[in-house]
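Below you'll find the structure, written out as structure tokens, and then a few comments.
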Amino acid sequence: MLLPAPARHLPGLLLLLWPLLLLPTPAVPGRLARASVRRLGTRVPGGSPGHLPAPETPTRAPYSGGRGAGVCKSRPLDLVFIIDSSRSVRPLEFTKVKTFVARIIDTLDIGAADTRVAVVNYASTVKIEFQLNTYSDKRALKQAVARITPLSTGTMSGLAIQTAMEEAFTVEAGARGPTSNIPKVAIIVTDGRPQDQVDEVAARAMASGVELYAVGVDRADMESLKMMASKPLEDHVFYVETYGVIEKLSARFQETFCALDPCVLGTHQCQHVCISDGDGRYHCECSQGYTLNADRKTCSAIDKCALNTHGCEHICVNDRNGSYHCECYEGYTLNADRATCAAQDKCASGTHGCQHICVNDGAGSYHCECFEGYTLNADKKTCSVRNKCALGTHGCQHICVSDGAASYHCDCFPGYTLNDDKKTCSDIEEARSLISVEDACGCEATLAFQEKVSSHLQKLNTKLDTILKRLQVD
């Protein structure tokens, strides 16, 4: 690498005016390639730079030195400034360039895992002031920028781009590899016409994945700026009329490198939850019990019962808010876990409705049965008498003979006879002897009575005869 020319010393007056030079210049920017600047694109496969269209977001307030109160966070970059310090750039103007660089650094998140910055200083020679892995602290980085001094005559822009591509954008120098998906960005600041070829080297740099921005000042050649910049040119070519207003472009680059957070801005249109993915990207999610629709914005209640992930042992019932509850089959009751079911003992609960006997089947069900001598009716609940003899309440001493569903009569064993009560039985021989004795007694009494009557009648006859005789005598 060629050695730089001896550093020049600022005059004493310049040192006194240094704090004033760092103040913002009240002038407004000159004509720009385009009023609005698109966000920085990410590299697509093949190494070619890609570009994401700017989202429609509310106009933000101008940059005031912070990160936008949490709305803006710069995306990680491998950023290389390529600054022209040829003799045409006067010392005060070069100071403005360094202020421009420092202000852009102010808007970035600097660190090994965030944005890394390198500076390539060029004129007729090229000097890498510091590499991407030299500083990871913003304060030290800005101090290093402030120490940069101009080089010499000449404007070798092509050589500067080639040096940046071959020596600054390397893994050894701190650039992150292609698998990291960290954009490689170079900002070229010049006020003259390149004294070497820039079109081919710029094309090679862009083909390798470097996104080039060209900032022209005063006498800068617009055609050369276009050859050095990535497409679309309206997003990558800037022009200001004087170095006095170049600092104003720092706000433009802040917008370019800033990853707006749509979740914070409220422009996400997510129905339920907005999740920020960084780099200005986001995705929508849904509350528990809901699923994201095909539009990736709105949500619909999940039919958890249909998903079969509910855990209900028997029945899953969907609720209106995307939730569900479990229920049990008839004869079962829901357990304390609100998912499983236990069989109910309806016989024990007394709700069975059986007229006689309730039999628990052990699966939350039951059936009715009847006492002996009864039959179960068609309603499977009530019972009807089937055989009164079988009931044992008939009162027959010997034999009960069923005459149908509800009637019967009594009968006696052989050698017995049914008594008048139609219930009890008597032995036939005993009955006969009893009748004989009764008959004999009856005959004797009759004879005695007859004899008594005859005797009495005889006495009466005798008295009557006596009376009649007396009457005849008289």
Side-chain angles (χ1 to χ4, degrees), residues 1-5 40-50 76-86 89 97 101 104-105 108 110 112 115-136 141 144-145 148-190 192-216 221 224-231 236-237 257:
M1 181 185 295
L2 295 175
L3 296 175
L40 176 66
T42 55
R43 291 181 290 110
V44 297
S48 60
L77 306 171
D78 286 339
L79 175 61
V80 176
F81 290 94
I82 304 174
I83 56 177
D84 178 1
S85 65
S86 61
V89 183
V97 173
V101 172
I104 293 179
I105 291 173
L108 303 174
I110 303 299
T115 294
R116 303 177 184 181
V117 177
V119 173
V120 175
N121 188 7
Y122 80 96
S124 58
T125 60
V126 179
K127 176 185 179 184
I128 296 180
E129 296 290 345
F130 49 84
Q131 299 281 20
L132 291 168
N133 57 5
T134 304
Y135 299 103
S136 59
L141 181 59
V145 170
I148 297 174
T149 56
L151 295 178
S152 58
T153 59
T155 308
M156 304 296 288
S157 301
L159 179 61
I161 296 173
Q162 182 174 344
T163 302
M165 182 176 59
E166 296 177 352
E167 299 184 29
F169 285 117
T170 63
V171 175
E172 294 77 12
R176 283 158 283 195
T179 58
S180 66
N181 200 31
I182 303 296
K184 292 179 172 57
V185 179
I187 300 176
I188 305 168
V189 183
T190 182
R193 181 189 300 271
Q195 294 176 348
D196 57 356
Q197 296 295 321
V198 295
D199 51 351
E200 292 184 4
V201 66
R204 288 199 305 271
M206 287 183 278
S208 70
V210 178
E211 189 169 13
L212 293 171
Y213 289 83
V215 177
D221 178 60
S224 298
L225 294 176
K226 293 178 180 179
M227 285 189 290
M228 290 187 292
S230 297
K231 303 289 189 299
H236 293 83
V237 176
F257 298 148

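Values below: every heavy atom of this structure, side chains too, minus hydrogens, waters and symmetry copies.
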ask   = Short question: side chain of D196, backbone of L159 - any donor-acceptor pair under 3.5 Å?
value = yes
task = With side chain to side chain contact (heavy atoms under 4.5 Å, CB included) as the test, would you mind laying out the steps for V198 and S157 before giving the verdict?
result = CA-CA 7 Å; V198 295; S157 301; 3.9 Å; yes
task = Name all residues meeting the ring pair (Phe, Tyr, Trp, His ring centres under 6.0 Å) criterion together with F130; count only those two or more places apart in sequence or in a different chain, and write none if there are none.
result = Y135
key: R193 CZ: over 12 foreign heavy atoms closer than 6.0 Å   = no
task = Find out whether I161 and M228 are in side-chain contact, i.e. whether some heavy atom of one side chain is under 4.5 Å from a heavy atom of the other.
result = yes
query = When you measure from the side chain of D221 to the backbone N and O of P194, does any donor-acceptor pair fall under 3.5 Å?
reply = no
ask   = Does T155 offer a backbone N or O that forms a donor-acceptor pair with the side chain of Q195 under 3.5 Å?
value = yes
task = Would you sort out whether E211 and H236 count as a side chain to side chain contact (heavy atoms under 4.5 Å, CB included), showing the intermediate values?
result = CA-CA 9 Å; E211 189 169 13; H236 293 83; 2.7 Å; yes
request  = Would you list the pairs meeting salt bridge (charged side-chain N to carboxylate O under 4.0 Å, His left out) in which at least one residue belongs to residues 116-125, sequence neighbours left out?
outcome  = none
query = Quick one: does N121's side chain get under 4.5 Å of V126's, heavy atoms only?
reply = no
ask   = Minimum heavy-atom separation for A168 to Q131, with atom names?
value = CA-OE1, 3.6 Å
query = Looking at side-chain heavy atoms only, is the closest gap between I105 and V145 below 4.5 Å?
reply = yes
key: Side-chain heavy atoms of T163 within contact of M165, under 4.5 Å   = no
note = What one should report as the nearest heavy-atom pair of S86 and G154 is CB-O, 2.9 Å
message = So, taking the atom named CG in L212 and the one named CD1 in I82, what distance separates them when rounded to the nearest 0.5 Å?
response = 7.0 Å
query = Under 3.5 Å, side chain of T115 to main-chain N/O of L77, donor-acceptor pair present?
reply = yes
inquiry  = On a heavy-atom basis, which atom in Q197 and which in V201 lie closest, and how many Å separate them?
reply    = O-CG1, 3.8 Å
ask   = Counting distance only, does the side-chain N/O of K184 pair as donor-acceptor with the main-chain N or O of R176 below 3.5 Å?
value = yes
query = Below 4.5 Å, heavy atoms only, C-beta onward: do L132 and V80 meet side chain to side chain?
reply = yes
request  = For residues V120 and K127, determine if any side-chain heavy atom of one lies less than 4.5 Å from a side-chain heavy atom of the other.
outcome  = no
inquiry  = Is any side-chain heavy atom of V97 closer than 4.5 Å to one of F81?
reply    = no
remark   = Between V237 and A229, the two heavy atoms sitting closest are CG2-CB, 3.5 Å
key: Minimum heavy-atom distance between E166 and T170, given as atom pair plus value   = O-CG2, 3.1 Å
ask   = Under 4.5 Å between any side-chain heavy atoms of R204 and Q162, yes or no?
value = yes
message = Consider side chain to side chain contact (heavy atoms under 4.5 Å, CB included). Of N133, I182, V117, V210, which one does D78 pass it with?
response = I182
message = Testing the basics here: between A112 and S136, what is the closest heavy-atom pair and its distance to 0.1 Å?
response = N-CB, 4.0 Å
request  = Please identify each residue that fulfils ring pair (Phe, Tyr, Trp, His ring centres under 6.0 Å) with Y122, with sequence neighbours left out.
outcome  = none
Flag, side chain of S85 to backbone of L151, donor-acceptor distance under 3.5 Å = yes
